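All residue numbers in this chain count up from 1 along the given sequence. What you see is a predicted model, and the numbers here were worked out from it, not measured in a lab.
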Amino acid sequence: MSDLVLLNGDGTTASVGLGEAPAYSKPTGALTSRTAFAAAHVVPKPWAENVPGAPADIDWDATLAFRRHVWSWGLGVADAMDTAQRNMGLDARATRELITRSAAEARAVGGAIVVGVNTDHVDDEVISLDAVIDAYKEQLHFTEDAGAGVVLMASRHLARAATSAADYERVYRSVLEAATTPVILHWLGAAFDPVLAGYFGSHDSAVASETVLRIIGDSADRVSGIKMSLLDAQAEIALRARLPKTAAMFTGDDFNYVGLIEGDDSAHSDALLGAFAALAPSASVAIQALDAGDKERYRSVLAPTEELSRQIFAAPTFYYKTGVAFLSWLNGHQDSFSMIGGLHAARSLPHLSEIVRLANASGALERPELAAARWRALLTLNGVRA
């Protein structure tokens with residue numbers, strides 16, 4: 001067995017045994033006990049001008065191949081979400097092209113897809129509530145025309161313009177009235193985007209949840225669920241218990257997804273997670289175990305990945321995309337560890353080393369020998385003698 005080199009915070013190195021690739025099998029049919037979407041990242045052309053502030057130049061072959069990888073494990077793809085660097089490098093032109101290409105690819109392979117609808121094509125930081133409504137509707141209609149399901153993302157414009165819960169209710173009511181098929185709402189916490197602090201009219205999640213419930217209740221036939229990404233399991237459970245039967249809870253809690261997806265005697269959460277982009281085989285095998293009624297197998301597969309996910313999503317949480325792309329590269333899904341906007345530089349080598357250690361320990365390295373070689377090469381490139 002080969003050794004895996006790890007880098008300590010003081011610059012010294014250590015070695016651990018390199019684990020074997022887990023003997024996971026792809027599902028032979030649809031996953032049934034849980035609905036699960038992996039929020040996928042985008043792969044840039046490594047030779048392109050993907051520097052901070054530059055328009056995204058995406059390697060479409062690699063980006064779509066990664067989505068086929070996710071679909072092959074029976075998971076759905078959530079595209080053009082924050083994992084794809086919305087508001088952190090993915091410009092409006094690239095967003096539209098990503099939605100169009102991914103929706104077409106989903107149709108070609110029979111994969112499930114939902115995509116993010118936002119207001120971020122508007123350059124002005126501050127706009128009126130009416131302008132927020134119009135911006136949402138523009139992206140909504142574009143997405144529906146592309147043939148993808150809709151995740152109505154939290155809007156920075158709305159967060160800046162709203163002065164009360166009533167403002168949120170007005171905007172969402174107007175946008176949902178324009179939807180031709182039910183959509184998934186999206187509640188993204190301040191850990192992921194500080195601009196969204198106090199979304200839905202309050203910094204108190206219990207108070208904001210009342211607004212969410214009114215929005216869903218007023219448009220029950222237009223809302224199929226809500227993705228909740230507050231990293232607060234108890235807040236998610238509390239809201240989940242009060243949702244109408246027509247609306248599913250999609251956990252976006254990358255810290256606590258194991259228990260939330262397993263659920264309790266009364267309810268469980270489905271999944272719409274950036275973590276599942278990094279862990280598609282593990283997520284699939286775990287849900288296959290739930291399909292078979294084997295909760296012990298579910299926990300044995302998925303529980304070890306939660307510590308890895310917590311490292312990927314460690315504060316500052318909004319840089320988690322770097323960890324997702326890093327694991328994609330280690331696992332051979334892209335040729336270069338690079339990101340649009342130069343975001344591959346957002347995490348330190350010791351932080352990445354801990355991702356390597358935890359991925360090795362949790363069975364998240366799909367091709368361990370390749371991952372070990374690529375990681376050693378990255379250390380060497382950065383002057384670390386291992």
Side-chain angles (χ1 to χ4, degrees), residues 30 35-40 67 71 75-82 84 86 90 92-122 127-158 161-162 167-188 199-200 211-229 243-250 252 270-272:
T35 300
F37 291 96
R67 281 138 184 81
W71 284 318
L75 305 178
V77 169
D79 222 331
M81 303 286 293
D82 45 301
R86 291 291 286 264
L90 192 73
R93 177 202 57 79
T95 298
R96 289 191 296 270
E97 188 168 359
L98 176 62
I99 290 170
T100 300
R101 285 178 177 265
S102 291
E105 195 71 17
R107 287 193 298 275
V109 303
I113 187 167
V114 293
V115 306
V117 164
N118 210 317
T119 63
D120 51 354
H121 61 288
V122 178
I127 58 178
S128 68
L129 290 176
D130 286 337
V132 171
I133 292 169
D134 290 342
Y136 261 140
K137 287 182 178 179
E138 182 179 341
Q139 288 199 25
L140 172 70
H141 296 320
F142 177 87
T143 297
E144 290 181 333
D145 289 345
V150 171
V151 179
L152 200 60
M153 297 180 72
S155 163
R156 287 179 170 182
H157 288 116
L158 179 52
D167 287 342
Y168 285 92
E169 292 175 53
R170 175 193 161 198
V171 169
Y172 277 90
R173 186 182 305 111
S174 296
V175 176
L176 290 169
E177 285 176 353
T180 61
T181 57
V183 311
I184 299 171
L185 303 183
H186 186 204
W187 190 355
L188 194 66
Y199 206 77
F200 290 119
T211 305
V212 170
L213 289 166
R214 287 194 297 271
I215 290 170
I216 295 174
D218 288 344
S219 305
D221 60 332
R222 305 294 177 95
V223 178
S224 61
I226 179 169
K227 166 181 158 62
M228 195 165 176
S229 300
L243 289 175
K245 294 186 182 300
T246 53
M249 172 60 75
F250 290 89
D270 290 311
L272 202 164

Parallel, tilted or perpendicular, as decided by the 30° and 60° cut-offs, for the rings of Tyr199 and Tyr168 = perpendicular
Quick one: list whatever passes side chain to side chain donor-acceptor pair (under 3.5 Å) with His121, sequence neighbours left out.
->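 His121: side chain to side chain donor-acceptor pair (under 3.5 Å) contacts with Glu138, Gln139.
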For [Y], does its backbone N or O pair with a side-chain atom of [X] as donor and acceptor, under 3.5 Å?
X      : Y      : result
Trp71  : Ala112 : yes
Asp270 : Thr35  : yes
Arg67  : Ser102 : no

Value rounded to 0.5 Å, distance of [atom1] in [X] from [atom2] in [Y]:
X      : Y      : atom1 : atom2 : value
Leu158 : Ile127 : CG    : CD1   : 9.0 Å
Arg86  : Asn118 : CZ    : CG    : 5.0 Å
Leu140 : Asp145 : CG    : CG    : 9.0 Å
Asp82  : Leu90  : CG    : CG    : 11.0 Å
Leu272 : Leu75  : CG    : CG    : 11.0 Å

Counting C-beta onward and ignoring hydrogens, is there a side-chain heavy-atom pair between [X] and [Y] closer than 4.5 Å?
X      : Y      : answer
His186 : Leu152 : no
Val183 : Leu176 : yes
Lys227 : Phe37  : no
Phe142 : Val117 : no
Leu213 : Leu243 : yes
Leu188 : Met153 : no

Could you go step by step and tell me if Asp120 and Arg156 meet the side-chain contact (heavy atoms from CB on, under 4.5 Å) rule?
-> CA-CA 8 Å; Asp120 51 354; Arg156 287 179 170 182; over 6 Å; no
Considering non-hydrogen atoms only, spot the tightest contact between [X] and [Y] and give its length.
X      : Y      : value
Ala161 : Asp167 : O-OD2, 4.3 Å
Arg222 : Ala179 : NH1-O, 3.0 Å
Val115 : Met81  : C-SD, 4.4 Å
Ser155 : Val132 : OG-CG1, 4.5 Å
Val77  : Ala40  : CG1-CB, 4.2 Å
Gly116 : Ile99  : O-CD1, 4.1 Å

Identify, with sequence neighbours excluded, every residue that meets ring pair (Phe, Tyr, Trp, His ring centres under 6.0 Å) alongside Tyr172.
->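 Tyr172 satisfies ring pair (Phe, Tyr, Trp, His ring centres under 6.0 Å) with Phe200 once adjacent residues are dropped.
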Sequence-distant partners of Glu177, side-chain contact (heavy atoms from CB on, under 4.5 Å), two or more places apart | Arg173
